[in-house]
Protein chains: 2
Amino acid sequence: MSRTPSNGTKASSSNGTGTGTAPVRTLDDLAALSGVSRATVSRVINGGPVSEATRRRVQTALEGTNYRPNAAARTLASGRSGVVGVVMHLDPHMLFRDPYFSQLLQGMSDALSEQAIGMMLWLGNRSKEETLDHILWMGLLDGVIATAHEQEDRLVDGLLASSLPTVLVGHRRADPAASYVDVDHVHAADTITTHLVTIGRRRIGHITGRRGTVAGEDRLAGYLRAMRRAGLRTDALIVDGDFNKASGTAGALELLDRGIDGLFCANDAMADGALEAIRVRGLRVPDDVALAGFDDLDFAAQLDPPLTTIRQGVRQLGTEAALTLFQLLKDPAGGPRRVILPTELVIRQSTVGGVQRA
Amino acid sequence: MSRTPSNGTKASSSNGTGTGTAPVRTLDDLAALSGVSRATVSRVINGGPVSEATRRRVQTALEGTNYRPNAAARTLASGRSGVVGVVMHLDPHMLFRDPYFSQLLQGMSDALSEQAIGMMLWLGNRSKEETLDHILWMGLLDGVIATAHEQEDRLVDGLLASSLPTVLVGHRRADPAASYVDVDHVHAADTITTHLVTIGRRRIGHITGRRGTVAGEDRLAGYLRAMRRAGLRTDALIVDGDFNKASGTAGALELLDRGIDGLFCANDAMADGALEAIRVRGLRVPDDVALAGFDDLDFAAQLDPPLTTIRQGVRQLGTEAALTLFQLLKDPAGGPRRVILPTELVIRQSTVGGVQRA
DNA sequence: GCCTCCTATGAAAGCGCTCTCAGCCTAGGT
DNA sequence: ACCTAGGCTGAGAGCGCTTTCATAGGAGGC
């Protein structure tokens, strides 16, 4: 193994200072070139206190070269790498299918690239234990953002227990010391259920999300809270789903047999499935059954009829997670940060027939 | 700024060696603990030549601690970081919509995590110039994999011109020195067009992919080659598309007016759109118009009728790109590597009515 | 029993940068 | 003119690790 920095197969002929000159690779080279000390060059590059004249002189020298600071040396000396980890440990097909995760990733990427922070990504290729191990042994990370949709998650536990500053997307009630970003699922589910109540529905069914996930449990809790407040019964009106379209169809068929005039599905995909079930039974939406979802993914507005749902800014959730991590890094002693983003009830024709399109 | 490694807000009380003992953070700590030199501990950790007895002794000491090597120091000393960059500079909505990219990413992630290599990701958040700058200033990368679907791409040019070992996904004829992984679009398009010819179609239209992309141009070239070889005319049978469904519908409407009995769309999404157009015109598939796509995305088999198309192993393309980069890093002097993955013609009912489902 | 060769280990020189500390020089107050 | 304060700059000490080089100690050949 050579000590020279990786140079590929490409000859780096141009160093900008003319042929025959040694390439400018280190701060010392640059210092020699501009006639100041290494420390001063470092100050210029990192925006330290330097006189205007000196700054200009070094800048001029710098521009003639293709000098790039050595990130490893910088990290070693300063203790910060400018790299954060993003952990999305989930089934591959989830990442493919569910726009939620790509949007989340985009949101994070936006905020990170804004600050010129690097983003290392871990997906669900390996077991949670192995992934945790990789992350911790990687070193090099200033902090990490992890999706925490399961209520129990060894990977998340491991990150929180480590010394890595960690921000979760999604929260877990059991972690009082964790920093996280999330929406208030209970409140949002309550709101949309109440909407169904308000338009006069009495037998309102619920198809839950995957049990054991925060979103699944909390949305159920919100539904229950709204129903209880309205004095409505919920027994035999709840069917477990798993967030996938097929479980929406199956669940809806079951509930339709038991007789419902309203249906709140824990996400849009299942509402889409439920729509098919309702159609199969020859019923009309919203006349016979008012239908509501959760997420407001793109397709929700394209359904026939367009779907009433809860809009959460998934992309914003991602940016907010990154910003929260920045704060955590800036002031590690500031204690855990929690951010709850607002949601919005989007009313469309699946609950209110004659309404204008949103 | 403190020099201490980032420690978050969490107290790291356990160092595994009992209360009151100083935490084991460095090789020197570990060396003192196990009574050998730092060099020997380093050898144990990195699998260097060490006697079995010594190895065991160090391992034992190691297990009692939560020691993690400092990645920055390691990188600085060795010149390798164990991190590669992945660049997918494209419109955000592409990343959302097109399963191609998530699958590609998964494939890369598979191969990289297999080798415990870190993956830094750059998406299209900022301009190509800025992104290139970030990547090059990031340092720290052993190499980079970039998607190169456009024939002209400043970002790709910049990476190739840099000293970073680079592997492209997709190729560009103009880069004889570039390493890449791709499929033979020309050949595949020729094959599927020839299939249409074989089943007796004579007026075979083509809706191109976005012009200026390798896939768009090469698939067109393959179509033309097959048609020419078959002695068939192509004038007025080609309409430009852009890979999106809508352009498939529009293009098909146009071609149907001109009279066709076969249609090859440059990807499945456009074929899906074309299917709608054909239905609008009251024509039957494949009786009146035989229809073929390209990609074999999940939905292709779900269409009615199921779509004849070209299957390319997108995920495999990703893994192969990573493996190619590994080779490049192992033997930088070995010259550019090129990998062309095979494609497969998948015949379904959209071209051959009575055929068994694949 | 002596010399050679090889293996296992330790010592120490960096890798390129950040940041503290001390010193210099100028400016301003008296 | 003298002293103080403060702004710039340079020297240099690490940051924690890898890797070369030298050495010690055995094993084996003669």
Side-chain angles (χ1 to χ4, degrees), chain A residues 1-7 22-58 61-62 65-83 137-140 142, chain B residues 1-7 22-58 61-62 65-83 137-140 142:
Chain A
M1 306 287 173
S2 104
R3 262 174 189 266
T4 36
S6 52
N7 233 319
V24 176
R25 293 185 315 100
T26 71
L27 274 189
D28 282 314
D29 294 344
L30 205 48
L33 204 63
S34 45
V36 297
S37 75
R38 175 178 4 129
T40 300
V41 180
S42 172
R43 289 190 188 99
V44 170
I45 288 180
N46 296 301
V50 183
S51 74
E52 197 45 46
T54 310
R55 159 162 287 118
R56 227 187 303 276
R57 190 142 58 100
V58 174
L62 180 57
T65 72
N66 63 355
Y67 170 78
R68 317 258 186 226
N70 178 313
R74 193 186 268 222
T75 303
L76 180 58
S78 72
R80 314 166 236 111
S81 65
V83 178
W137 273 78
M138 170 55 61
L140 210 26
D142 285 343
Chain B
M1 306 286 172
S2 103
R3 261 171 189 269
T4 36
S6 52
N7 232 320
V24 175
R25 294 185 314 101
T26 73
L27 274 190
D28 281 316
D29 294 343
L30 204 48
L33 205 64
S34 45
V36 298
S37 75
R38 177 182 357 136
T40 299
V41 180
S42 172
R43 289 190 188 101
V44 170
I45 287 180
N46 296 302
V50 182
S51 74
E52 197 46 46
T54 310
R55 158 163 288 117
R56 226 187 304 275
R57 190 142 58 100
V58 174
L62 180 58
T65 73
N66 62 356
Y67 170 78
R68 318 257 185 229
N70 177 312
R74 193 186 268 223
T75 302
L76 180 58
S78 72
R80 315 166 235 112
S81 66
V83 178
W137 273 78
M138 169 55 61
L140 240 240
D142 285 343

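- Taking only side-chain atoms of B:Ala39, from C-beta outward, the nucleotide of C:dC17, C:dG10, D:dC17 with the closest atom is C:dG10.
- Atom P of nucleotide C:dG14 and atom CZ of B:Arg38 are separated by 14 Å, given to the nearest angstrom.
- Summarising the geometry, the separation between CZ on A:Arg74 and P on C:dC17 is reported as 8 Å, rounded to the nearest angstrom.
- A:Arg56 meets the side chain to side chain contact (heavy atoms under 4.5 Å, CB included) test with A:Glu52; sequence neighbours excluded.
- Contact between A:Ala71 and B:Met138 at its shortest, heavy atoms only, is CB-O, 2.9 Å.
- Tested against A:Tyr67, the residues A:Asp29, A:Leu33, A:Leu30 include a single side chain to side chain contact (heavy atoms under 4.5 Å, CB included) partner, A:Leu30.
- Contacts of B:Ala72 classified as side chain to side chain contact (heavy atoms under 4.5 Å, CB included), with partners at least two apart in sequence or in another chain: A:Thr75, A:Leu76, B:Asn70.
- Using a 4.0 Å cut-off, no side-chain N or O of A:Ser42 falls inside it from OP1 or OP2 of C:dC17.
- Look at CD1 on A:Ile45: it is 10 Å from C1' on C:dC17, rounded to the nearest Å.
- Between the P atom of D:dC15 and the CZ atom of A:Arg80 lies a distance of 16 Å, rounded to the nearest Å.
- OP1 or OP2 of C:dC17 lies within a sub-4.0 Å distance of a side-chain N or O belonging to A:Tyr67.
- A straight line from CG of A:Leu76 to P of D:dA13 spans 17 Å, rounded to a whole angstrom.
- Between A:Leu27 atom CG and D:dG14 atom C1' there is a gap of 16 Å when expressed in whole angstrom units.
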Considering only nitrogen or oxygen atoms on both sides, find all protein atoms under 3.5 Å from nucleotides 5-9 of chain C and state each distance.
residue : atom : partner : partner atom : Å
C:dT9   : OP1  : B:Ser51 : OG           : 3.0
C:dT9   : OP1  : B:Thr54 : OG1          : 2.1
C:dT9   : OP2  : B:Ser51 : N            : 2.9

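- In this structure A:Arg38 satisfies the salt bridge (Lys or Arg N to Asp or Glu O under 4.0 Å) test together with A:Asp28, sequence neighbours excluded.
- A:Ser42 meets the side-chain hydrogen bond (donor to acceptor under 3.5 Å, both in side chains) test with A:Asn46; sequence neighbours excluded.
- The closest donor-acceptor contact from the side chain of A:Asp142 to the backbone of A:Arg80 lies at 3.5 Å or more, if one exists at all.
- If you take CG of A:Asn46 and C1' of C:dT20, they are 15 Å apart, rounded to a whole angstrom.
- Atom CG of B:Leu140 is separated from atom P of C:dC15 by 19 Å (rounded to the nearest Å).
- Judged by distance alone, with hydrogens and angles left aside, the side-chain atoms of A:Ser81 form a donor-acceptor pair with the main-chain N or O of A:Leu140 at under 3.5 Å.
- In the helix from C:dG1-D:dC30 to C:dT30-D:dA1, the rotation axis of the first five pairs and that of the last five pairs differ in direction by 40°, rounded to 10 degrees.
- The side chain of B:Ala73 lies closest to D:dC17 when the candidates are C:dG16, D:dC17, D:dT19.
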- Query: How far apart are the C-alpha atoms of B:Thr54 and B:Thr40, what are their side-chain angles, what is the distance that settles it, and do they pass the side chain to side chain contact (heavy atoms under 4.5 Å, CB included) test?
  - Reply: CA-CA 8 Å; B:Thr54 310; B:Thr40 299; 3.6 Å; yes
